[in-house]
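Please read the structure below before turning to the comments.
Note that the numbering runs from 1 along the sequence shown for the chain.
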Amino acid sequence: MINVTKTFLPPIEEYQKQVKRAWDNQWLTNRGELVLELEEKLKSFLSVSNIIITNNGTIPLQIALKLLGKQGEIITTPFSYVATTASILWENCKPVFVDIDPEYLTIDETQIEVAITDKTTAILATHVFGNPCHLEKIEKIAEKHNLKVIYDAAHAFGVSYNGKSIFDYGDVSTCSFHATKLFHTGEGGAMFANNPDLQHQLFYSHNFGHNGPLAFHGLGINGKISELQAAMGLAVFPYMGKILSGRKKVVDYYDDALDFSKMKRLKIRENTDWNYSYYPVIFETEAVLLEAQKQLNENQIFPRRYFYPSLNTIEYASGTKMPVSESIASRILCLPLYVGLEEHELKNIVGIINRCL
Ligand SMILES: *Cc1c(COP(=O)(O)O)cnc(C)c1O
């Protein structure tokens with residue numbers, strides 16, 4: 001069976017070696033040696049000056065929205081994983097959807113300003129499939145209207161834009177280290193900020209607000225990652241080069257072999273070092289997608305409809321119509337992409353899809 005992704009598992013002995021350190025230390029959580037080491041390794045790998053690793057990729061969105069959204073209106077994309085919209089509502093803010101660019105699939109920056117009201121507090125946009133949003137334009141809009149910018153960079157591990165880590169942009173960027181993501185700790189995530197005051201707020205917020213054992217800086221929640229998850233991260237980390245080059249091979253194969261006369265691929269933004277995180281294709285109609293999906297499934301190949309449905313159509317989000325996002329969501333399919341997909345498997349996938357077009 002071939003799934004859309006396959007979690008990279010390091011040799012079990014290497015995981016056990018890391019876990020044994022937690023046993024030896026008799027220390028399982030609260031920012032132990034393994035978490036601190038993983039943070040240092042990631043900081044240098046990603047070339048960022050700060051990182052706070054967390055228990056998943058959703059809690060950093062909630063913390064950022066709690067601190068910066070202030071229960072106001074949040075301008076956001078309808079084309080993302082449900083966590084993006086759900087976090088806004090969970091923090092008692094109101095999602096205000098802005099449609100997406102049909103090529104880059106990120107929020108359409110040219111439509112942001114008309115959506116701003118006196119209740120708008122922040123923009124929460126997703127670097128979809130690791131493809132950066134229009135960072136300069138969004139920064140300008142935010143400055144002009146005094147808004148905060150939060151990037152859901154769950155897909156963007158290792159991406160850089162204009163030679164700088166993607167996590168360096170916006171007031172806060174968040175990432176996910178879920179088992180299905182490029183770099184993983186089983187469950188896990190991270191948040192990034194450049195402003196030292198904001199870094200401090202993010203930090204205490206993910207640790208119950210503690211200021212030492214007896215005092216508090218402010219309100220907080222439990223966003224801490226454990227040593228056991230950090231052990232997985234430390235065991236996966238040495239393979240990042242192999243993971244990226246293995247995925248690039250698959251992406252290059254699809255790029256060469258798929259028939260793009262009747263189907264579209266993702267357009268990566270200029271000046272981007274991409275991370276080969278997903279391989280979406282956009283069919284001409286939903287009917288073609290469903291036929292391709294059916295035939296792939298009959299061959300034990302299971303791509304995923306990322307992202308479907310468009311988030312503005314979810315009942316609790318009660319959004320307005322988003323024609324581009326709804327149209328793309330009905331026609332987009334993410335193909336299997338992971339290290340170790342074999343050439344005969346890729347040939348089979350490509351053959352089935354090209355015959356359906
Ligand atoms: C995976 C994902 C999240 C949530 O991350 P978790 O680690 O699963 O909590 C948020 N946003 C996007 C776009 C995602 O793909």
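Glu136 and Tyr169 share no donor-acceptor pair across their side chains, judged by distance under 3.5 Å alone. Tyr104 and Glu109 share no donor-acceptor pair across their side chains, judged by distance under 3.5 Å alone. Side-chain contact check for His178 and Ser176: no donor-acceptor pair (N or O, by modelled atom type) lies under 3.5 Å.
Listed by first and then second residue, the salt bridge (Lys or Arg N to Asp or Glu O under 4.0 Å) pairs that reach into residues 265-282 are Asp255-Arg265, sequence neighbours excluded. Sequence neighbours left out, the pairs with a member in residues 57-86 that pass salt bridge (Lys or Arg N to Asp or Glu O under 4.0 Å) are Lys66-Glu91. Sequence neighbours left out, the pairs with a member in residues 74-100 that pass ring-ring contact (aromatic ring centres under 6.0 Å, His included) are Phe79-Phe307. The salt bridge (Lys or Arg N to Asp or Glu O under 4.0 Å) pairs that include a residue from residues 233-244 number zero, where partners must be two or more places apart or lie in different chains. Sorted by first and then second residue, the salt bridge (Lys or Arg N to Asp or Glu O under 4.0 Å) pairs with a member in residues 33-61 read Arg21-Glu33, Arg21-Glu37, Arg31-Glu39, Glu37-Lys41, Glu40-Lys43; sequence neighbours excluded.
In this structure a side-chain-to-backbone donor-acceptor pair under 3.5 Å is missing from Asp171 to Ala193. In this structure, the side chain of Glu227 does not engage the main chain of Thr29 through any donor-acceptor pair within 3.5 Å. Checked by atom type and distance alone, the side chain of Asn299 pairs as donor or acceptor with a backbone atom of Gln295 at under 3.5 Å. Checked by atom type and distance alone, the side chain of Asn312 pairs as donor or acceptor with a backbone atom of Thr320 at under 3.5 Å. With hydrogens and angles disregarded, a donor-acceptor distance shorter than 3.5 Å links the side chain of Asp108 to the backbone of Thr110. With Asn195 contributing its side chain and Asp197 its backbone, the two residues share a donor-acceptor pair below 3.5 Å. Of the possible donor and acceptor atoms, one in the side chain of Gln229 sits under 3.5 Å from a partner among the backbone N and O of Ser226. Judged purely by atom type and a 3.5 angstrom limit, Trp274 uses its side chain to pair as donor or acceptor with the backbone of Phe129. For the pair Ser205 (side chain) and Gln201 (backbone), a donor-acceptor distance under 3.5 Å is present. Side-chain atoms of Thr272 never come within 3.5 Å of backbone atoms of Ile268 as a donor-acceptor pair (strictly under, hydrogens ignored).
Counting all heavy atoms, side chain and backbone alike, Leu357 lies closest to Asp259 at CD1-O, 3.4 Å. Shown here for Thr76 and Pro95, the closest heavy-atom pair between the two residues is CG2-CB, 4.0 Å. When all heavy atoms of Ser310 and Ser325 are compared, the pair lying nearest together is OG-OG, 2.7 Å.
Looking only at side-chain heavy atoms (C-beta outward), Met191 and Thr54 come within less than 4.5 Å of each other. In this structure the side chain of Thr126 never reaches within 4.5 angstrom of the side chain of Thr106, judged on heavy atoms.
Rounding to the nearest 0.5 angstrom, the gap separating the CD1 atom in Ile301 from the CG atom in Leu296 is 5.0 Å. One finds the CG atom of Leu346 at 10.5 Å from the NZ atom of Lys249 (value rounded to the nearest 0.5 Å).
Taking the six-membered ring for Trp and the full ring otherwise, the centers of Tyr204 and His210 sit at least 6.0 Å from each other. Taking the six-membered ring for Trp, Tyr338 and Phe8 have ring centres at least 6.0 Å apart.
Tested against Asn275, the residues Val159, Ile166, Asn131 include a single side chain to side chain contact (heavy atoms under 4.5 Å, CB included) partner, Val159. Thr85 pairs with exactly one of Leu311, Leu124, Ile74 by the side chain to side chain contact (heavy atoms under 4.5 Å, CB included) rule, that one being Leu311.
Between Glu326 and Lys321 there is a salt bridge, since a side-chain N of the basic residue sits under 4.0 Å from a carboxylate O of the acidic one. With respect to the salt-bridge test (charged N to carboxylate O, under 4.0 angstrom), the residues Glu298 and Lys294 qualify.
Looking at residues two or more places apart in sequence or on another chain, you find a ring pair (Phe, Tyr, Trp, His ring centres under 6.0 Å) between Phe237 and Phe45.
Taking the six-membered ring where tryptophan is involved, the planes of His217 and His200 are perpendicular, since the angle between them exceeds 60° and thus also 30°.
For Lys148, the NZ atom counts as loosely surrounded, since its 6.0 Å shell holds 12 or fewer non-hydrogen atoms of other residues, nucleotides or ligands.
Both Leu89 and Met322 are members of a single hydrophobic cluster when ILVMFWY side chains are connected at heavy-atom separations under 4.5 Å.
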